[in-house]
Amino acid sequence: MDQERTEIQDLGEFGLIEYLTRNIEIQNASTVLGVGDDAAVIDHFGKQTVISTDMLVEGIHFDLMYTPLKHLGYKSVVVNISDIYAMNATPTQITISIAFSNRFSLEALNDFYEGVYAACEKYGVDLIGGDTSNSQKGFVISVTAIGEVTPDQFVKRSTAEKGDLLCVTGDLGAAYLGLTLLEREKKIYLESPGVKPDLEEQTYIIGRQLKPEARKDIIEFLHEQDIMPTAMMDVSDGLSSEILHIAKQSNLGVVLYEDKIPISQESKEIALKFGLDPTACALSGGEDYELLFTMKQQDYDKIVLNEQISVIGYMADITEGAHIHTKGGNKFKLVAQGWNAFQQ
């Protein structure tokens, strides 16, 4: 039986916003006034405010052929609040704006917002506003995330120091491999529509692509252990390009060890199955939304017990350049080959 379809034009813009935001529950004291007025009001009670904006465009950042709208709503929130955590801050509010063509029904948008609200609830974030518009084709999403941080406790990319340890959370390359698998199955499907996608055993890498998580747990751990990263950013465009950002902005060199880069067993196996090098997937893949940070060597003993944090190298003098030491004992210049939206 076909699912019921409600045309957006039947509601009008205000009716649509009212419908999509009808069940919002405010979670943060700093949200003084949310959706429903000309503007939202927030008061961070003496904290500093951190703001980040991201745009996701159909056909560039996502493909609705294999991306469920609920997952897309969830991911739209997560990729933004990941940037707030990367500043050592706590996300508190988001605004979300969407533009969509008439191929999207009310039920489709409702699925998308279900994902948005699921992420808001998980991360304790309030949706406080946004906008909706028609687009000639496709789906465009813009999210602004707002967070708070104790004055001067935010962490930049440019403040690493020589001798600092280079650390990364979780494991890398899985999101890229998930995308590779989904693209492969899409191609097979388009060529032979009768063939069912073979995704059964690959839930981990597909989940990392379609439903990533932000590292709230790591920021909480660092606070609990009284560890102040000297520089930090999230891994959205691939490990190598992010490391080079920190090195360049901190005016330093960097030494990275290939055998220290965390890659899951599932990722290694699927990479080899695809004829890909797991290290290359980790260095250039992107969309892992892990945290890359530098810290003082004396804090090493505090992180050693956290299995989610790997020390992968250290910051060196700028004259040393940026290099990766391979498992085979070779030394290569580290190059940025990360994902670039402008080279599609």
Side-chain angles (χ1 to χ4, degrees), residues 61 75 78-79 82-83 85-86 157 160 165-184 202-215 218 229 231-248 253-295 303 306-315 321-341 343:
H61 302 97
K75 184 173 180 175
V78 165
V79 302
S82 179
D83 285 327
Y85 288 125
R157 300 174 179 182
L165 298 175
L166 181 66
C167 307
V168 75
T169 64
D171 61 83
L172 301 170
Y176 170 75
L177 286 161
L179 179 64
T180 304
L181 179 62
L182 289 163
E183 285 287 349
R184 188 192 73 165
Q202 312 304 341
T203 52
Y204 180 69
I205 62 168
I206 290 169
R208 292 279 290 182
Q209 169 58 221
L210 296 180
K211 190 176 175 281
E213 300 291 353
R215 296 313 308 240
I218 299 294
M232 185 156 56
M233 65 186 297
D234 74 338
V235 182
S236 52
D237 296 331
L239 180 65
S240 57
S241 65
E242 317 297 20
I243 289 173
L244 291 169
H245 279 307
I246 287 180
K248 183 181 178 186
V254 64
V255 176
L256 172 67
Y257 295 98
E258 181 187 13
D259 61 350
K260 302 289 187 193
I261 298 170
I263 302 170
S264 74
Q265 193 54 37
E266 294 99 320
S267 296
K268 286 177 185 170
E269 286 168 10
I270 196 82
L272 296 172
K273 196 171 157 186
F274 283 165
L276 297 168
D277 174 21
T279 301
C281 295
L283 288 175
S284 303
E287 288 208 292
D288 288 307
Y289 300 104
E290 297 292 350
L291 291 173
L292 176 72
F293 63 94
T294 56
M295 67 172 200
I303 64 152
N306 192 322
E307 291 178 355
Q308 288 296 311
I309 299 174
S310 303
V311 178
I312 56 172
Y314 64 91
M315 306 310 291
H323 291 95
I324 179 167
H325 290 254
T326 68
K327 292 172 187 168
N330 295 314
K331 179 178 163 185
F332 292 110
K333 188 178 178 191
L334 192 62
V335 290
Q337 291 178 316
W339 190 83
N340 185 338
Q343 291 180 347

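Below, all heavy atoms of this structure are taken into account, side chains as well, without hydrogens, waters or symmetry copies. In this text the structure is predicted, and so the values were computed from the model without any measurement.
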Work out which heavy atom in Val78 is nearest to a heavy atom in Ala214; give both atom names and the distance. CG1-N, 3.5 Å
With side chains defined as the heavy atoms from C-beta onward, is the minimum distance between Ile303 and Leu165 less than 4.5 Å? no
Sequence neighbours excluded, which residues qualify as side-chain contact (heavy atoms from CB on, under 4.5 Å) partners of Ala86? Asp234, Leu291
Given the rule in the side chain to side chain donor-acceptor pair (under 3.5 Å) test, do Thr169 and Gln308 qualify, once you have shown the distances and angles that lead to the verdict? CA-CA 5 Å; Thr169 64; Gln308 288 296 311; over 6 Å; no
Hey, are the side chains of Met315 and Val254 touching, using non-hydrogen atoms and a 4.5 Å cut-off? yes
CD1 of Ile205 to OG of Ser264: how many Å apart, nearest 0.5 Å? 8.5 Å
Evaluate the side-chain proximity of Lys75 to Leu210: yes if any heavy-atom separation is below 4.5 Å, no if none is. no
From CD (Gln265) to CG (Asp171), nearest 0.5 Å: 11.0 Å
Over all heavy atoms of both residues, which pair between Leu177 and Cys281 is shortest? Give the atoms and the distance, please. CD2-SG, 3.9 Å
Does any N or O in the side chain of Glu290 come within less than 3.5 Å of the main-chain N or O of Val235, such that one atom is a donor and the other an acceptor? no
Are Ile270 and Thr180 packed together at the side-chain level, in the sense that at least one heavy-atom pair is separated by less than 4.5 angstrom? no
Under the side chain to side chain contact (heavy atoms under 4.5 Å, CB included) criterion, do Phe293 and Ile246 qualify, and how do the steps go? CA-CA 9 Å; Phe293 63 94; Ile246 287 180; over 6 Å; no
Distance-only, no hydrogens or angles: does the Thr294 side chain make a donor-acceptor pair with backbone N or O of Ala231 under 3.5 Å? yes
Does Leu239 reach the side chain of Asp288, with side-chain heavy atoms less than 4.5 Å apart? no
Supply the atom-to-atom distance His325 NE2 to Leu334 CG, rounded to the nearest 0.5 angstrom. 10.5 Å
Minimum-distance pair of heavy atoms, taken over all atoms of Pro278 and Ile263: O-CD1, 3.6 Å
Atom of Ile312, atom of Lys260 and distance for their closest heavy-atom approach: CG2-O, 3.2 Å
Output the distance between atom OG (Ser267) and atom OH (Tyr204), rounded to the nearest 0.5 Å. 6.0 Å
Kindly determine whether Gln209 and Glu287 satisfy side chain to side chain donor-acceptor pair (under 3.5 Å), including the steps that lead there. CA-CA 7 Å; Gln209 169 58 221; Glu287 288 208 292; 3.2 Å; yes
Looking at every heavy atom in both Arg215 and Tyr289, which two are closest together, and how far apart are they? CG-O, 3.9 Å
For the pair Glu242 (side chain) and Asp237 (backbone), establish whether a donor and an acceptor sit closer than 3.5 Å, ignoring hydrogens and angles. yes
Between atom OH of Tyr257 and atom NZ of Lys331, what is the distance when rounded to the nearest 0.5 Å? 9.5 Å
Might you work through the side chain to side chain contact (heavy atoms under 4.5 Å, CB included) test for Tyr85 and Ile218, ending with a clear yes or no? CA-CA 9 Å; Tyr85 288 125; Ile218 299 294; over 6 Å; no
When every non-hydrogen atom of Leu244 is compared with those of Ala322, the smallest separation belongs to CD2-CB, 3.5 Å
If we only count heavy atoms from C-beta on, is the Phe274 to Leu181 side-chain gap below 4.5 Å? yes
Tell me, do Ser310 and Ile261 make a side-chain contact under 4.5 Å, heavy atoms counted? no
Given side chains that start at C-beta, do those of Pro262 and Val168 come closer than 4.5 Å, heavy atoms only? yes
What distance do Ser284 atom OG and Asp277 atom CG have between them, rounded to the nearest 0.5 Å? 9.5 Å
